[in-house]
Structures are given as C-alpha cells and as structure tokens.
Amino acid sequence: MIPDVIFVSIYSSIHSANIRRLSAVLKQAGFRVKIVFLPQSFNLKYAQDVLRQLVALCAGCKLVAISLTSNYVNNATQVTTVLKELGTP
C-alpha cells in the first residue's frame with residue numbers, strides 16, 4: 001500500500017506528538033498515512049543508506065511532510081535534497 005502522506009520526523013526523539021496527532025486526524029478522514037522516524041543529532045549527517053531507504057519508502061506517495069525546528073535545518077536540507085528526485089511535493 002502506497003501512503004497518500006508520509007510524515008518524516010528528523011528529531012533526535014521519537015515523541016513527535018504533533019505529527020502523531022496530524023496522522024490520526026488524516027487517518028480518520030480516510031487518508032493512508034505513514035510516519036517515518038529518522039532520529040539523529042542535529043549536528044550529524046545521515047548515512048547515504050538511510051537516505052536511499054527513505055527515498056524507497058516515499059516513492060509514489062502524494063505528499064511528504066518534514067517536521068523540524070531551526071537547529072535541524074541541515075538535516076532537513078539533506079532529506080529534502082534526496083526526496084526532490086521523486087518529484088513529490
């Protein structure tokens with residue numbers, strides 16, 4: 001099953017209450033939703049293998065949403081760069 005929406009959490013914690021709430025609301029509305037957790041310290045880069053797996057998970061979905069705060073901007077940039085290959089908004 002290809003999800004309609006994928007939420008990507010790049011925080012070092014997997015708590016992510018807001019993503020979980022949004023996911024629940026969208027599921028109740030009939031959307032297929034997946035949450036991907038990429039816990040990583042904001043000062044470290046993701047391994048290329050992790051990014052390849054993320055691209056594979058996101059292939060075919062209609063929307064990818066990334067949750068971040070400003071200290072995670074480098075991680076978010078790294079993730080969005082590889083996801084642009086898919087052409088998914």
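Side chains are part of it too, since the values below use all heavy atoms of this structure and drop only hydrogens, waters and symmetry mates.
- The stretch residues 31-44 participates, sequence neighbours left out, in these salt bridge (Lys or Arg N to Asp or Glu O under 4.0 Å) pairs: D4-R32.
- Looking at residues two or more places apart in sequence or on another chain, you find a side chain to side chain donor-acceptor pair (under 3.5 Å) between S41 and N43.
- Judged by distance alone, with hydrogens and angles left aside, the side-chain atoms of S23 form no donor-acceptor pair with the main-chain N or O of I19 at under 3.5 Å.
- Taken together through direct or relayed side-chain contacts under 4.5 Å among Ile, Leu, Val, Met, Phe, Trp and Tyr, F7 and F31 form part of one hydrophobic cluster.
- For N71, the side-chain contact (heavy atoms from CB on, under 4.5 Å) partners are F42, T69, not counting sequence neighbours.
- Judged as a side-chain contact (heavy atoms from CB on, under 4.5 Å), and not counting sequence neighbours, the contacts of T80 are I66.
- The side chain to side chain donor-acceptor pair (under 3.5 Å) check on R20 picks up nothing, with sequence neighbours excluded.
- Across all non-hydrogen atoms, the minimal contact from I2 to C61 is CG2-N, 3.7 Å.
- Checking side-chain atoms of Y11 against main-chain N and O of P39 turns up no donor-acceptor pair under 3.5 Å.
- The shortest heavy-atom contact between S67 and I10 is O-CG1, 3.5 Å.
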Exercise. Apply side-chain contact (heavy atoms from CB on, under 4.5 Å) to the pair V8 and V64, showing each step before the final yes or no.
Key: CA-CA 7 Å; V8 180; V64 177; 3.9 Å; yes
Donor-acceptor contacts, no H, no angles, side chain residues 46-60, under 3.5 Å, sequence neighbours left out:
unit_1, atom_1, unit_2, atom_2, d
Y46, OH, L38, O, 2.8
D49, OD2, Q53, NE2, 2.9

